[in-house]
Each structure stands twice: as structure tokens, then as C-alpha cells.
Asker: 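Sending over a structure as C-alpha cells; questions will come in a sec.
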Amino acid sequence: MKIKKKKIRNIEKYLSDIDEKSTFFIGVQVDSKIKDKLNQSFKNIGKKEPLFIPNPYIGIMSERNTVGEIVPDKTKPKEICYKAQSWTVKHWDGTLQSGTTEVPYLGYPKRFTPPKNFYFRYLENPKHNDSLLIIDKKFINTHDEVNDIKFCINLVLEIFSEAETFIIKGKKLEPIIKKVPWEVLPKGEQIWKTFKDGKKYPNISKSERYLIKERFDYIESFKPDNEYQGTAGYTGYVVFCFENKQLYILDSVIYGNATYIFSDSWENVSKLSKKEIIQGNLEKKRIVHTKNWEKELGEELKETLH
């Protein structure tokens, strides 16, 4: 069934043409209009990659799918929180001084909801001109899968303004290929240069950009051996590797997330999804982005590296 809405709340009528306990897929038929959106919303389309994940900054569903969500926990009492605020002061001699201050406010503590990590698969059929982009999951029309089905339909609607359910017959999907979602940066290239382009991260404020640069500059002052930037489900994440000490720092460009320190082999950690890392308690230490971040990270690095 084809769906053209901004969002759905009840999925029953949209699955009325699918028998109970039958399997189906969710996606879109690819025409010229969809192809344009593909190039805007996905990385590596056309590079023969098996799986794709949407840019996390398209909308709230894409953000929940790719990087997760930080929400206030209203079941707990309010506490002192901090938000970044940039400022500029003009001195008597005309010179300008700028900086960023963390402003305290009373708010609910934050709770992190891990990402859903639904990937898309592109099924190209040039002979019949009926290519499909589907979510890489075989759904079953049962009550247990209602939440995932609803989420994925709304994810596709957010990106393409339409969605469709498919029952694929006689077309076998290839096995999922485990792809390491990281790419190494050229030696000597500072990680900040890959994130200062506002087009990639339009929802990050000026104050947050300042804090990102401060964090990255601080970590780079310890002279890591290699740096990686995330792709796919790790878009917006970077890794600083201290190979000789078997120490690896995973950090997010989004202020309010956390920095993860690993002592296991990076080859092992890099093959895991962010959800697996977060829920598996695999890190040596987790440092939340607060005003004490630099002090806590500095103590950890100085103890390990020196």
C-alpha cells in the first residue's frame, strides 16, 4: 500500500492488504524525484555499498534512527543543568574578545535513548526500471512489531514524503555485509576541518561549534597517532587513536552527549554499532559533556599516556 502523509499514528489501516503474520518490506519505488532526495539524504549512493543510513539531521525520526535522542526525564526532580552561550565583548580600544560560557539553569536530568539503527538497501533493476529503496529488515505483520513498523514508515515519510509496503516474491536479498562505519583521515589533517562545514551539520549552533573545536583541539594536544571520522550510523562521531598505548577516544560533535574511552583493540570496537557499544558497557570510561569534561579527560589521559 502506498502512503502519502507527513506522519501516521495508527498503522492498522495501512497494513490491511497484508495477511496477519505475513512478511513484508517498507520503502519507496525509486523515480527521478526520489533519486534527488537519495543524493541529499544518504551517503555513498552509487558507490556499490550494500547498506545506507540517512543523514541524522533531516528530522527527528532520522535523528532517533541514526544518533539516538537526549530527552528530559520528567520522572526525576529538576537539577542544575548547563547550556552553552557564546558572547562577544568590545573593549575600550575597539578590540573584540569572544568566548563561550556554560550558563546554569534548572531543568530535568537528561536521558539518552539509543538509536534504532535501521539501514536501507538499494535494489536496482535497470532492465525493468523499477528500482526500490527498502529498509533492510523483513517485517512481520504481528502485534510485537507494531512499534518498529510505525517507526520505519514514519522514517521513510520524513525523508521522501511517501512510503510503501512491499511483498517481494522471487527476488532474493543478498546477505548483509558487515561494513566498518569509519574512514581514516589523511595524516596530519585536523579533525575540526571535517566538521566546520555548516552544510553537514546545520542544526549545530555557533556556541556548540565553539565547544566542539575546544574539545577536539584539547584531545589533539595529546598528539594521537590516527583520527577517524564516522560514516553511516556513526555520522557526527570521531575517534582519536593512541595506538602505542592501546587507548581510543570516541567523541560526538553534539554537545550533551559523552566521550567514550576504550582500551580494547580498535579493530574490535569499530565493528560494533553505537547501540552495541552504549548498551554493552564496553568502554573503559564514559565522560559526559559538562563543565568538568576537560578536567576528567585530562586526568585519564595524563595517567595513561605518561
Side-chain angles (χ1 to χ4, degrees), residues 1-29 34 37-38 41-42 50-76 108-123 132-168 173 176 178 181 203 232-237 252 254 256-258 272-281:
M1 180 180 289
K2 198 162 191 174
I3 307 165
K4 285 199 170 187
K5 293 182 68 116
K6 286 187 177 179
K7 188 176 183 179
I8 64 166
R9 296 185 182 277
N10 191 321
I11 68 169
E12 288 182 6
K13 66 178 181 179
Y14 301 108
L15 304 180
S16 59
D17 59 343
I18 301 172
D19 294 335
E20 189 177 353
K21 296 185 179 179
S22 291
T23 58
F24 65 98
F25 294 89
I26 297 169
V28 287
Q29 295 188 54
I34 296 296
K37 289 189 177 181
L38 276 176
S41 305
F42 292 77
L51 301 174
F52 310 93
I53 199 162
N55 186 317
Y57 306 107
I58 299 170
I60 186 61
M61 302 305 294
S62 301
E63 181 179 335
R64 288 169 179 166
N65 184 59
T66 307
V67 297
E69 185 179 23
I70 299 173
V71 295
D73 187 351
K74 295 185 178 181
T75 64
K76 296 181 179 178
Y108 290 105
K110 301 294 191 295
R111 182 180 72 247
F112 177 66
T113 303
K116 295 283 189 178
N117 279 337
F118 284 109
Y119 281 73
F120 285 72
R121 183 181 288 274
Y122 188 52
L123 301 177
L132 303 176
L133 184 80
I134 62 172
I135 289 178
D136 195 60
K137 172 179 168 61
K138 187 182 289 186
F139 295 93
I140 304 174
N141 188 8
T142 64
H143 178 73
D144 291 342
E145 294 206 8
V146 163
N147 289 335
D148 279 352
I149 293 169
K150 180 180 173 182
F151 179 89
C152 288
I153 289 176
N154 282 323
L155 173 62
V156 176
L157 287 173
E158 178 179 83
I159 301 169
F160 301 107
S161 302
E162 62 181 75
E164 197 165 351
T165 53
F166 300 98
I167 299 173
I168 299 180
L173 292 179
I176 293 176
K178 193 75 172 180
N203 295 343
Y234 277 97
T235 300
Y237 277 78
S252 167
I254 300 175
N257 274 2
L272 300 174
S273 71
K274 187 160 71 266
K275 188 175 181 179
E276 288 172 323
I277 288 176
I278 292 168
Q279 294 184 335
N281 297 317

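The figures here come from the full heavy-atom set of this structure, side chains too, leaving out hydrogens, waters and symmetry mates. Here the structure is a predicted model, which means the values were calculated and not measured. For the single chain, residues carry numbers from 1 onward in sequence order.
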Asker: Can you list everything that forms a side chain to side chain contact (heavy atoms under 4.5 Å, CB included) with K76? Sequence neighbours excluded, please.
Answerer: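 Listed in chain order: D73, P109.
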Asker: Suppose we screen for side chain to side chain donor-acceptor pair (under 3.5 Å). Which residues come up paired with K110, at least two apart in sequence or across chains?
Answerer: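 If we apply the side chain to side chain donor-acceptor pair (under 3.5 Å) test to K110, skipping adjacent residues, the hits are Y105.
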Asker: Just so I know, are the side chains of T142 and K21 near enough to count as touching, which here means a heavy-atom distance under 4.5 Å?
Answerer: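 A side-chain contact under 4.5 Å exists here.
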Asker: What are the two closest non-hydrogen atoms of M61 and E158, and how far apart are they?
Answerer: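 For M61 and E158, the tightest heavy-atom pair comes out as N-OE2, 3.0 Å.
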Asker: Under the side chain to side chain contact (heavy atoms under 4.5 Å, CB included) test, which residues partner K137, sequence neighbours left out?
Answerer: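 Per chain and number, K137 pairs via side chain to side chain contact (heavy atoms under 4.5 Å, CB included) with F118, I135, F139, E145, D148.
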Asker: Distance from K2 atom NZ to F166 atom CZ, nearest 0.5 Å?
Answerer: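 Result: 8.0 Å between the selected atoms.
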Asker: Rounded to the nearest 0.5 Å, what separation is found between the CD1 atom of I153 and the CD1 atom of I3?
Answerer: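 Answer rounded to 0.5 Å: 4.0 Å.
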Asker: For the pair K150 (side chain) and R9 (backbone), establish whether a donor and an acceptor sit closer than 3.5 Å, ignoring hydrogens and angles.
Answerer: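 Present.
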Asker: What is the distance from atom SG of C152 to atom CD1 of I134, rounded to the nearest 0.5 Å?
Answerer: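 So the SG of C152 and the CD1 of I134 are separated by 11.5 Å.
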Asker: Starting at CG of D144, measure out to CD1 of I149 and round the result to the nearest 0.5 Å.
Answerer: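 D144 CG to I149 CD1: 10.0 Å, rounded to 0.5 Å.
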Asker: Can you tell me how far the NZ atom of K5 sits from the OG atom of S161, to the nearest 0.5 Å?
Answerer: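 The distance works out to 13.5 Å.
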Asker: Do N141 and D19 come close enough that some side-chain heavy atom pair is under 4.5 Å?
Answerer: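 Of all side-chain heavy-atom pairs linking D19 with N141, none is under 4.5 Å.
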Asker: My understanding is that only residues two or more places apart in sequence, or in another chain, count here; which of them pass side chain to side chain donor-acceptor pair (under 3.5 Å) with T165?
Answerer: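 With neighbours one apart ignored, the set is empty.
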Asker: Show the nearest heavy-atom pair for residues I159 and F120, with the distance to one decimal.
Answerer: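 Smallest heavy-atom distance, with atoms named: CD1-CZ, 4.3 Å.
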Asker: Could you grab the distance from atom CD1 of I70 to atom OG1 of T113, nearest 0.5 Å is fine?
Answerer: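 One finds 9.0 Å between CD1 of I70 and OG1 of T113.
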Asker: Backbone N or O of P56 within a donor-acceptor pair of the N65 side chain at under 3.5 Å?
Answerer: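 Between the backbone of P56 and the side chain of N65 there is no qualifying donor-acceptor contact (under 3.5 Å).
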Asker: What heavy-atom pair brings F151 and R64 nearest, and what distance separates the two atoms?
Answerer: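 So the minimum-distance heavy-atom pair works out to CE1-CB, 4.0 Å.
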Asker: Please find the pair of heavy atoms, one from Q29 and one from I34, that lie closest to each other, and give the distance.
Answerer: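 Scanning both residues, the minimum pair turns out to be O-CG1, 3.5 Å.
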Asker: Run the side chain to side chain contact (heavy atoms under 4.5 Å, CB included) check on F25 and K138 step by step: do they pass?
Answerer: CA-CA 6 Å; F25 294 89; K138 187 182 289 186; 3.9 Å; yes
Asker: So do I60 and E69 actually touch side chain to side chain, heavy atoms under 4.5 Å?
Answerer: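 When only atoms from C-beta onward are counted, I60 and E69 do touch, with a gap below 4.5 Å.
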Asker: Indicate the atoms forming the closest heavy-atom contact of G68 with P115, along with that distance.
Answerer: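 Smallest heavy-atom distance, with atoms named: N-CB, 3.5 Å.
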Asker: I'd like to check the side chain to side chain donor-acceptor pair (under 3.5 Å) partners of E162; sequence neighbours left out, ordered by chain and number.
Answerer: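 For E162, no residue satisfies side chain to side chain donor-acceptor pair (under 3.5 Å) once neighbours in sequence are set aside.
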Asker: So which heavy atom on A163 is nearest to which on L157, and how close?
Answerer: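 Taking A163 first and L157 second, the nearest heavy atoms are N-CD2, 3.7 Å.
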